[in-house]
Amino acid sequence: MKLGRQRLCLLCVLFASAVNAFALDREAFTFTNYDLNVRVEPEQQRLGVRGKITLRNDSATPQKIAVLQISSSLAWRSIKAGGNPLQFISQAYASDIDHTGALSEAVITLPEAVPPKSSVDLEIAYEGVIVIDATRLTRIGTPEEAAHSTDWDQIATKFTAVRGVGYVAWYPIATDDASLADGKSLAEVLARWKTREATSAMRLQIAVPNDEGEAPELLVNATTCPVAHEVRQEFLADCSYRSLGWAVPTFVIANYEVVDRPAIAVHFLRGHDASAASYANAAEKATPLIGEWFGAPRSKAQTADLPDPNAAPFESGSLLLTPLASANPKIVGLAAAHQLAHAASSSGRPWINEGLAHFAQALYLDHQSGRQAALDYMGLHRSAFSAAERDDKEKQTAAPRSDEEASRSLINTNDEQLYRSKAMFVWWMLRDMVGDQALRKALAAYRADEDKDPSYMQRLIQSRTQRDLDWFFDDWVYRDRGLPDLKVVSSFTRKTMPEGYLLTVTIDNLGAAGAEVPITVKFAGGEVTKRLVVRGKSSGVIRIDVPKRPEEIVVNDGSVPERDRTNNVFKVEQGETAK
Ligand SMILES: [Zn+2]
């Protein structure tokens with residue numbers, strides 16, 4: 001009996017260690033370098049890739065197994081190290097990181113365990129087709145047409161466009177499974193992968209057969225990508241990403257025509273001449289303003305047409321893919337401002353990278369049509385992210401819980417609504433607080449490769465202003481304290497000599513995030529505006545001189561995103577005036 005139990009226990013231990021040995025750590029390796037020869041055959045909708053990749057063990061333990069994943073429509077042909085074929089098992093792995101909803105995963109036994117911080121080089125070959133596939137969307141109930149306008153990647157004779165991680169795993173990746181059915185999982189898996197890959201390099205030699213006689217145009221969103229040239233029957237491009245940053249490696253092959261301007265090239269499909277020209281004109285008009293704020297472009301902005309007029313636009317770095325045919329001439333300037341901001345500045349931090357590009361749109365509207373137009377536009381974005389906060393009943397009355405404060409903070413969040421829309425407001429509030437000159441200088445001094453500490457941006461701005469910004473960055477950037485809720489609680493009016501009034505206004509902030517907010521006093525024939533800082537869960541008092549009897553007080557012109565804006569107007573009772 002006693003012996004039996006011991007044996008059982010021994011088996012237990014053996015079994016447990018066997019399980020551990022086979023549990024895959026899919027995110028152990030960072031792919032630090034890609035050197036890929038990619039052959040695209042539009043006639044066959046086919047892709048064939050050979051090349052070399054370098055994997056660095058970024059886990060804390062030696063790794064004997066490596067995992068390589070490609071789209072489930074592609075298949076592994078060979079995996080070698082130092083010229084010797086490696087043993088690997090190829091299996092399907094369900095994940096919504098690919099448009100097909102699955103990956104072809106190679107589970108490789110390495111010649112020897114790779115110690116932490118060490119690297120291994122692998123020679124790889126794989127091939128297969130890339131056709132329109134929206135399985136990951138249709139299986140969660142997205143109507144087919146809408147799904148295809150979202151997942152439009154394909155290789156085809158008329159038009160080829162293939163986006164990388166998050167759309168089509170056309171180059172090897174290694175990630176845990178992601179599911180669209182589980183709200184945040186895809187965004188989180190993608191963010192982890194992109195963070196790991198931010199400093200990785202990629203070289204792509206892309207070849208396309210050119211037997212039709214008419215050379216197609218090949219666009220790649222790489223750091224350098226000299227114009228593709230013809231060699232015998234092939235069309236070749238040699239492109240490099242110095243470091244991937246947040247780029248999604250993407251290639252497009254189409255019979256484009258081009259409107260080429262100094263700041264932007266617009267690649268358009270037959271018949272879309274007018275929309276292409278109007279986009280280029282809008283971009284040229286926005287160029288000086290974007291230059292003043294974000295500096296000279298580091299690369300020329302590229303806009304490329306998509307044939308499906310309903311296709312969802314896609315941007316990566318300074319490349320924008322968008323259906324030009326359905327471009328609304330009234331808003332092309334907005335799209336161009338966003339794109340030019342990306343061409344001029346970039347950051348590995350989404351709230352800076354995307355937040356600034358959205359801020360550029362607000363600046364553009366301010367410049368074109370005035371502050372109110374910018375605030376109206378920002379208001380559309382406010383409803384997007386405050387709706388998300390309102391979903392949660394608790395949020396109506398309370399600030400985010402402490403565990404959410406850090407995870408939902410602009411510094412850490414993977415939530416697009418926050419790092420796009422909320423970040424745009426944060427940049428606008430900073431502009432209102434420190435002024436254009438100080439903020440522009442801080443942005444000009446920003447270096448993405450020096451941005452290693454979360455407080456780097458704050459320090460850049462802080463050094464150019466007398467303002468204390470600690471509380472602001474704490475409430476809005478380092479933590480998510482929710483939104484302010486500002487309210488005029490009282491006003492006291494006193495007649496002053498010879499002709500005028502002094503108003504003492506008390507503002508309450510019922511929310512936990514502080515803000516500097518404009519307060520406007522309206523009177524017959526005019527208004528006066530002053531600004532006041534009201535910290536979270538506290539009150540502030542301000543005195544405002546007005547030349548005539550005050551009629552109405554309005555707190556917040558819309559530049560501060562608020563939880564509740566129904567309590568922002570206060571009618572001044574005429575009887576309240578004291579002598
Ligand atoms: Zn963007």
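Starting from 1, each residue takes its place in the sequence as its number. In what follows, every heavy atom counts, from backbone to side chain, and hydrogens, waters and symmetry copies are set aside. Every number for a ligand or one of its atoms is a count from 1 in the order of the listing.
- Geometry at the Zn ion (ligand 1): OE2/Glu315 and NE2/His342 form an angle of 140°, nearest 10 degrees.
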Mind running salt bridge (Lys or Arg N to Asp or Glu O under 4.0 Å) on Asp366 and Arg431 for me, showing each step along the way?
-> CA-CA 12 Å; Asp366 184 12; Arg431 177 199 185 201; 2.8 Å; yes
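- The local environment of CZ in Arg531 is crowded, with over 12 non-hydrogen atoms from other residues, nucleotides or ligands closer than 6.0 Å.
- Restricting Glu354 to its N, O or S atoms, the one at the least distance from the Zn ion (ligand 1) is OE1.
- In summary, no N, O or S atom of His358 is located under 2.8 Å from the Zn ion (ligand 1).
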Side chain to side chain donor-acceptor pair (under 3.5 Å) evaluation trace for Arg261 with Asn281 | CA-CA 9 Å; Arg261 302 277 174 80; Asn281 291 340; 2.9 Å; yes
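- Note: Tyr456 and Tyr446 have tilted aromatic rings, judged against thresholds of 30 and 60 degrees for the angle between ring planes.
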